[in-house]
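Quick note: numbers below take in every heavy atom, side chains included, and nothing from hydrogens, waters or symmetry partners. Labels below follow one simple rule: chain letters A, B, ... track the order of the sequence lines, proteins then strands, and each chain is numbered from 1.
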Amino acid sequence: MAPTPSPGKRRRLHEEISGDRSQPQAQRRVLSQAVRLWVLADKLETSEIETAYRLAQELGALRSSDIKFANLVLTAVKAPKRVWLALRREATGSNLSDEWLRSLNVLHVDWLADTEKKGIMQAYDAYRIVLPRDTAESAQKASPSASSSSIKKEVASPSCIKKESPSLSSPPSSTPVIPTSPPPPAWTNSEYSCQRPSPLRSAHNQPLVDELEVIRKQRDLTSQRWSERSYSMCLSAIKAYPRKVCSQSLKEVKSLKGVGPKMIVSIARPAESCQFCSSGQIVEAQQILSDPANPIMFSFMELYGVGPVAARELYEDGCRSNADVVARGKSLATHLDVADCLGILPDLKLPIPRAEVEEIASLLYEEARVVLPGCRYTICGGYRRGKPRSNDVDVVISHEGNGARIHDILDRLKRKGIMSYNVNVLTHSDEARLDAALHLNVAEIVVLPPRSVIVPHPKHRRVDLVMCPPQIYGAAVIGWTGAKTFEKDIRRWAKLKGYKFHSTGLRVRETGELVETPTEEDVFRLLGLRWMPPEWRNTDA
DNA sequence: GCTAGTTT
DNA sequence: GTTTTGGC
DNA sequence: AAAACC
């Protein structure tokens, strides 16, 4: 069996990496901290090695104190065999396996010089030193095509994309989006994503959006908050851009709000040719994915209750798969019992089809209407934005000034065996002194729907049940519909207009006075925003 | 019961 | 050059 | 990382 690469210590994030991180901030960040460099000493003077490290750090990369923390190796040696022997020599002290060594990108030192000279991270391929393989190893190299192609097939078959449109007939053409009553406003180059329509998938630039998303996730993983925000904004600007990003449109792309100089360097060379168009890839995104640690930590972050810090910790603890996480036996979502948490974790990762979202929502409504006669409900979240499959179910229910009844609803759901876990109940009585009746309550629960035609194989599903009075219903529905960047921008926009926007209501900034918003349209009108149908709020990748 | 940090 | 970036 | 502000 192929031994897993002495998985133990791949690296421990930035701690072991002596990168003078106070310094490279304002620098030309041609490289990023995703590059952890180690230089092979052979054929280099001590001073040359030092210069290389210094240059790499100046360009924004990290200097690795030991090969075991690196993901990029530079060498002046060109003979693959010699490089391979030197690497094995270096690796013996750290007990690194051959397989581990092969996961490194080994490049000629010219890569660094050229990267500096051209002012943009150069693609690896032209500089790569392909490590030789001895015959014993080459046997196991041939096989994995079978498994990888089957995975690819599953990913590449999003026939799901336009599968079920809920009520209306299928769209005529172009974008796989559920038709909506009013057409969205025309595209504008705005700093605020809430002012322009964002489709589920970009008709012209989705591959580019996906590349940017890789970098965004890496910034998230490494808790670089503002950089992550910048990539979110850039990505949503390009997602909404109604033309293809190419050398012809480059001039206009450069003028897009949220697409600054660094992003332009990533997307297109300073010259009029376009890096992305020619190679189909952004070098840094490929670099991030080429380190096997990153996809693993990204997948941990998809688990309910795991954020950047926990993902990094899991990896450090030696976890490499979902099964490892469960086997580790530590609770993740802090409000769930360890056994419960680990038991339902696999289920919670599975996407929920639209029909099941609707089924679960009506189950909740059946109980809610008994407790709160005449209540209304709206299914929000990704479902409302037209996503073919959702990660969870968000339902906003109106109540006539009696949010305390949320516990009655939960009791009923529990008695019927629909609610399997109560994760958390937030009774958010924001500014309670000012508006005693205006409560917004959120129940974060896990539901196991009964078997039915629509749900032939019931799974545990995450459900957010939101209850609010009619006066803030519009704000709550906007707040729980998303997407994330849309929410952030509508709040920034509201600030600009002298309001404070929150899912618990729209308020005048100065006085804190509540402005009633029974419908979403009220919020848009009061903020001076054109109506944006939910299907066009897909600002995130 | 508090604070700090993390996650939703 | 400094501040803000959603706001709990 | 970008943009608005000063």
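- Remark: A:Arg537 qualifies as a cation-pi partner of A:Trp531 under the 6.0 Å distance and 45° angle criteria applied to the six-membered ring.
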* Show the numbers, then the answer: is there a side chain to side chain contact (heavy atoms under 4.5 Å, CB included) between A:Asn71 and A:Asn105? => CA-CA 6 Å; A:Asn71 61 359; A:Asn105 286 304; 5.9 Å; no
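- With P as the reference atom, C:dT5 and B:dT7 are 23 Å apart, rounded to whole Å.
- Applying the side-chain hydrogen bond (donor to acceptor under 3.5 Å, both in side chains) test to A:Glu367 and every residue at least two apart in sequence or in another chain returns A:Arg412, A:Lys416.
- Nowhere does DNA chain B pair in an unbroken run of 3 or more (Watson-Crick or G-U, both distances under 3.5 Å).
- Protein atom CZ of A:Arg507 is 14 Å distant from nucleotide atom P of C:dG7, rounded to whole Å.
- For A:Trp187, the side-chain contact (heavy atoms from CB on, under 4.5 Å) partners at least two apart in sequence or on another chain are A:Asn189, A:Arg196, A:Ala240, A:Tyr241, A:Pro242, A:Arg243, A:Glu252, A:Leu256.
- A:Lys262 comes within 4.0 angstrom of sugar-phosphate atoms only, judged by non-hydrogen atoms across all strands, and of no base.
- Using a 4.0 Å heavy-atom cutoff across all strands shown, A:Ile215 reaches no nucleic acid atom at all.
- Looking at heavy-atom distances under 4.0 Å, A:Tyr231 makes contact with sugar-phosphate atoms alone, never a base.
- Pairing for D:dA2 is with C:dT4, a Watson-Crick or G-U wobble pair whose two hydrogen-bonding atom distances lie under 3.5 Å.
- Taking 4.5 Å as the limit, every side-chain heavy atom of A:Asp464 sits out of range of all side-chain heavy atoms of A:Val396.
- Take A:Glu302 and apply the salt bridge (charged side-chain N to carboxylate O under 4.0 Å, His left out) test, not counting sequence neighbours, and it matches A:Lys349.
- Under the rule for a salt bridge (charged side-chain N to carboxylate O under 4.0 Å, His left out), the partners of A:Arg328 that lie at least two apart in sequence or sit in another chain are A:Asp317.
- The separation between A:Lys495 atom NZ and C:dT3 atom C1' is 11 Å, rounded to whole Å.
- Taking the side-chain hydrogen bond (donor to acceptor under 3.5 Å, both in side chains) definition, one finds that A:Asp114 meets it with A:Tyr127, sequence neighbours left out.
- Within the structure, every side-chain polar atom (N or O) of A:Arg491 is placed at least 4.0 Å from both OP1 and OP2 of C:dC8.
- Distance noted for atom P between D:dC5 and C:dG7: 16 Å (whole Å).
- In this structure, A:Trp226 and A:Glu191 both approach DNA chain D, and ranking their closest nucleotides by distance from the 5' end singles out A:Trp226.
- When the C1' atom of B:dT8 is taken as reference, atom CG of A:Leu426 falls 9 Å away, rounded to whole Å.
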N/O-N/O pairs, protein side and nucleotides 2-4 of chain B side, under 3.5 Å:
none

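- The span of DNA chain D lying next to chain A, judged by atoms under 4.0 Å from heavy atoms, is bounded 5' to 3' by D:dA1 to D:dA4.
- What separates CG of A:Leu496 from P of C:dT5 is a distance of 11 Å, to the nearest Å.
- You'll find that the side chain of A:Val309 is closest to B:dT6, out of C:dT5, C:dG7, B:dT6.
- The residue A:Met263 sits close only to the backbone: its heavy atoms come under 4.0 Å of sugar-phosphate atoms, none of a base.
- Look at CG on A:Leu303: it is 12 Å from P on B:dT7, rounded to the nearest Å.
- A:Val306 meets the side-chain contact (heavy atoms from CB on, under 4.5 Å) test with A:Phe300, A:Leu303, A:Ala310, A:Ala311, A:Leu314, A:Leu332; sequence neighbours excluded.
- Between A:Asn424 atom CG and B:dT7 atom P the separation is 15 Å, expressed in whole Å.
- Considering only side-chain N and O atoms, A:Lys500 lies under 4.0 angstrom from the phosphate OP1 or OP2 of C:dC8.
- A:Thr115 pairs by the side-chain hydrogen bond (donor to acceptor under 3.5 Å, both in side chains) definition with nothing, not counting sequence neighbours.
- In this model, the phosphate group of C:dT4 is not approached by any side-chain N or O of A:Arg225 to a distance below 4.0 Å at OP1 or OP2.
- Taking the ring centre of A:Tyr499 as origin, the terminal cationic atom of A:Arg507 falls outside the region bounded by 6.0 Å and 45° from the ring axis.
- Rounded to whole Å, the distance from CD1 on A:Ile445 to C1' on B:dT8 is 15 Å.
- Across the protein-nucleic acid pair, A:Lys484 atom NZ and C:dC8 atom C1' stand 13 Å apart, rounded to whole Å.
- Judged as a side-chain hydrogen bond (donor to acceptor under 3.5 Å, both in side chains), and not counting sequence neighbours, the contacts of A:Thr485 are A:Asp540.
- Residues passing the salt bridge (charged side-chain N to carboxylate O under 4.0 Å, His left out) test with A:Asp392, sequence neighbours excluded: none.
- Residue contacts for A:Ala310: at a heavy-atom cut-off of 4.0 Å it reaches the sugar-phosphate backbone alone, with no base atom in range.
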